[in-house]
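So that the names make sense, note that chain A is the first sequence line, chain B the second, and so on, each numbered from 1. The shown structure was predicted, so the numbers you read here are calculated from the model rather than taken from an experiment.
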2 protein chains.
Amino acid sequence: MADIGAHSGGRRVKNGHESLATSPGVTLAESLRQKLEGAIAAGHLEPGSRLDEQEIAQRFGVSRTPVREAFRLMAANNLVELRGRQGATVRSIKAQALIEMFQVMAELEGLCARLAARRVSQAWGAEIGEIHQRLVAAGETGDIDVFYDINQEFHEAIYEASRNSFLADQTRKLRNQVAAYRRRVTRMPNRIADTVREHEAIMQAILAHDPERAHSAMRDHVNLLGDNLLDFLAAFE
Amino acid sequence: MADIGAHSGGRRVKNGHESLATSPGVTLAESLRQKLEGAIAAGHLEPGSRLDEQEIAQRFGVSRTPVREAFRLMAANNLVELRGRQGATVRSIKAQALIEMFQVMAELEGLCARLAARRVSQAWGAEIGEIHQRLVAAGETGDIDVFYDINQEFHEAIYEASRNSFLADQTRKLRNQVAAYRRRVTRMPNRIADTVREHEAIMQAILAHDPERAHSAMRDHVNLLGDNLLDFLAAFE
DNA sequence: TAGTGCCGTTTTGTATACATATATTGATGT
DNA sequence: ACATCAATATATGTATACAAAACGGCACTA
C-alpha cells in the first residue's frame, strides 16, 4: 500500500507512529484530514486505493473514531468516496468526469479573472508580476516541482483578486480535486512554455482592466490544460 | 428550539422517537443526514441555531456516533459549520456571502443553460414545456409551495439537459445551500409573474439552440432572484 | 470443471464509557 | 455594582467494546 507522507519529510516518532501536528485546540480528525488530503494531492495515495480504517488508525496511533470522522470530512471535498458498509476509497476520476470538471473549472477560473480585471489595483500588478517572473525563472531552470508550486501561486493570486471569497473557495476546492492528476501534466513536452505564454495573456488582460478578454484568456488556459491532461491519460489506456 | 420535521408530517413512533427510514443497507448516519438536510432546506432549523448532538441523538433514538458522522457529512455540503470543540451550527449566510454565492450560481446555471442549448433534443422541448405549463398554472392558482417545487423542477430539467453531471451536481449543491433563504423570496410581490416571464425567455433561447442568449437569460434570471433576496433581507436588518 | 451455497473471517457501523476543553455560574474583591 | 477569577457543569473529542454486514474460501453438486 502507498506510503503516506513518505516523501513529505514525514518522520516517525519513537513509538513508531507517524507524527500528527498535535497543536492544542485542533482535533485529531482535522489533523488527519490535512495529512491525508496532502498525501492524496501529492499522489502518494493512488486514486481508487482503499483507505483502511484500522491501518491508518494504527499508523497515526489513534483510534478508529477520528479516522472515520476524517473520512467524512474528506468526502466533503470529494476527495474520497464513501460506499455504505464498503469502506472508503480515494476518489478515482474517470476521463469523462475530468472533462466535465475542467469545463466547470474553466468557467469558474474565468469568472475569477473577469472579476479580477474589474477590481484589481496597481499594487496587485506588482505582486502578480513578481510571481510571474519567478515562474519564468523556474521554467528556465526546469525545476518542475517548483514550477508547479509557483503556477499554483499565480492562480491563487487571481482567486484572491476576484474579491469573492466564496468563488475563491469553490475554485480552490475544484483545483484540489484534480490536483493528483494535474501534477503529472506539468511534465509534458511544451506545457511549461505554453503555460508561461498563456499566463502572460491573462495577466495583460487583467491589468488592462478588460474583463471579457481576461475571462476568455483564462478559460482557454484551463481548457488547454484539460486537453493536455486528457491526451496524457489517453496514452495510458 | 426548532421542531425538526414538525411540518413535514413527522409522526413519532411509540417509544417517542422520530421515525428514521430504517431500510436495511442504509446507515443511520446517512438517514440522519437526509432528515436534517431536509429540515434545514425547509426552514425548520433556523440558520445559526446550534445542533445539539445529544438532543438529536435522543430525538431519533440513536447514539451520538451516527449523529456526529451525519454532521461531518453535512459539512460536506456546507450546510453546517463545525467549529472545533464548539459544536455544530446550521450555516448562517451573511448578505455579503449571499451576493458572492449568487454571482457564482448565476455563472453555473448560465453554463447549464448554454450547454443545454447546444445539446437539447426535440423530446426535451416537450418535457420542459409541460413543466412550464404547470408552473404557469400554479402561478395563477397562487399556491406558493407548489410553485416553488415546480420552479425547482424547471431548473433541474436544465441541469440534466446540460449533460454534464458534475456541473449539475455542483449547481444543485449551491442551490441547496441557499434554499433556506430562497424559499422566502417566492412570496414577494411580483416574483411569480417575473419568474414565469424569465423562464419563457430562457426556454425559447434553449429551444432555439442559441447558447449565448440562453446563458445570459439564465444569468439575468438568477441575478434578479439574488437582488430580490437581498432586498428581502434588507427589510429585516 | 464450473457454478453455487454455506460458513468463518474481516471490516464497517453503532453504542457506550471516559478524557478534556469550553461555558456557566457564583463567590470574592475592589 | 461591576469585574475577575475559580469551581463546577456541560458538551465535545476520543477510545473501546459489541453487533452486523460484506468478503473470501471451501466444499458440494450438477
Side-chain angles (χ1 to χ4, degrees), chain A residues 1-2 4 13 15-37 45 48-76 79-91, chain B residues 1-2 4 13 15-37 45 48-76 79-91:
Chain A
M1 170 148 295
I4 302 172
V13 296
N15 50 358
H17 296 151
E18 191 114 359
S19 65
L20 264 186
T22 171
S23 6
V26 172
T27 65
L28 289 177
E30 178 61 20
S31 301
L32 280 167
R33 184 188 65 79
Q34 287 177 18
K35 272 265 181 190
L36 294 173
E37 286 193 356
L45 285 169
S49 67
R50 188 194 191 85
L51 293 169
D52 188 283
E53 291 180 2
Q54 300 198 55
E55 189 209 343
I56 293 175
Q58 285 188 347
R59 186 192 294 272
F60 290 96
V62 299
S63 78
R64 279 175 53 220
T65 307
V67 174
R68 286 175 61 82
E69 299 203 343
F71 286 179
R72 269 67 188 167
L73 290 172
M74 282 191 280
L79 287 172
V80 306
E81 214 165 348
L82 296 174
R83 279 170 303 182
R85 294 198 159 89
Q86 293 181 74
T89 55
V90 179
R91 185 173 192 94
Chain B
M1 170 143 303
I4 303 171
V13 295
N15 51 359
H17 297 149
E18 190 114 2
S19 65
L20 263 186
T22 170
S23 6
V26 173
T27 65
L28 290 177
E30 178 60 20
S31 302
L32 280 167
R33 185 188 65 78
Q34 287 177 17
K35 272 266 181 191
L36 294 173
E37 286 191 357
L45 284 169
S49 67
R50 189 194 189 86
L51 292 169
D52 188 282
E53 290 180 2
Q54 300 198 55
E55 188 208 344
I56 293 175
Q58 285 188 345
R59 187 192 294 273
F60 290 97
V62 299
S63 78
R64 279 174 52 220
T65 308
V67 174
R68 287 175 60 83
E69 298 203 343
F71 287 180
R72 269 67 187 167
L73 290 172
M74 283 192 279
L79 288 173
V80 306
E81 215 165 349
L82 296 175
R83 279 170 303 183
R85 294 196 161 86
Q86 291 180 64
T89 55
V90 179
R91 186 173 188 94

Length of the [atom1]-[atom2] vector between [X] and [N], whole Å:
X	N	atom1	atom2	value
B/L28	C/dT16	CG	P	12 Å
A/R83	C/dT11	CZ	P	15 Å
B/E30	C/dT14	CD	C1'	16 Å
B/E53	D/dG13	CD	P	6 Å
B/F60	C/dG13	CZ	C1'	18 Å
B/Q58	D/dA11	CD	C1'	13 Å
B/L32	C/dT14	CG	C1'	12 Å
B/R85	D/dT12	CZ	P	12 Å

Under the side-chain contact (heavy atoms from CB on, under 4.5 Å) rule, what do A/E69 and A/L32 come out as? Steps first, then yes or no, please. CA-CA 9 Å; A/E69 299 203 343; A/L32 280 167; over 6 Å; no

Does a side-chain N or O from [X] land closer than 4.0 Å to OP1 or OP2 of [N], or not?
X	N	result
A/Q54	C/dT10	no
B/Q86	C/dA23	yes
B/R50	D/dT12	yes

Nearest of C/dT14, D/dG13, C/dT11 to any side-chain atom of A/D52?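 Per side-chain heavy atoms of A/D52, the pick is C/dT11.
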
Taking the minimum atom-to-atom distance to the side chain of B/T27, which one of C/dG13, D/dT14, C/dA15 wins?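 My answer, after comparing the listed nucleotides, is C/dG13.
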
Apply side-chain hydrogen bond (donor to acceptor under 3.5 Å, both in side chains) to A/E53 and list each qualifying residue two or more places apart in sequence or on a separate chain.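 With neighbours one apart ignored, the set is A/R64, A/R68.
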
Got a second to check how far A/L36's CG is from A/L45's CG, nearest 0.5 Å?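 Answer for the CG-CG pair, A/L36 versus A/L45, is 7.0 Å.
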
Can you name the salt bridge (charged side-chain N to carboxylate O under 4.0 Å, His left out) partners of A/E37, sequence neighbours left out?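 Residues passing salt bridge (charged side-chain N to carboxylate O under 4.0 Å, His left out) with A/E37: A/R33.
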
Taking C-beta and beyond as the side chain, do A/L28 and A/F60 meet within less than 4.5 Å on heavy atoms?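 They are not in contact (no side-chain heavy atoms under 4.5 Å apart), so the answer is no.
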
Can you find a pair of side-chain heavy atoms, one from B/L82 and one from A/L73, that are under 4.5 Å apart?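 In short, these two side chains touch, coming nearer than 4.5 Å.
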
Within residues 63-76 of chain A, find the residues that approach DNA chain D with a heavy atom at under 4.0 Å, and present them sorted by residue number.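 A/S63, A/R64, A/T65, A/P66, in order of number.
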
Testing the basics here: between A/V26 and A/S31, what is the closest heavy-atom pair and its distance to 0.1 Å?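 Minimum heavy-atom separation between A/V26 and A/S31: CG1-OG, 3.5 Å.
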
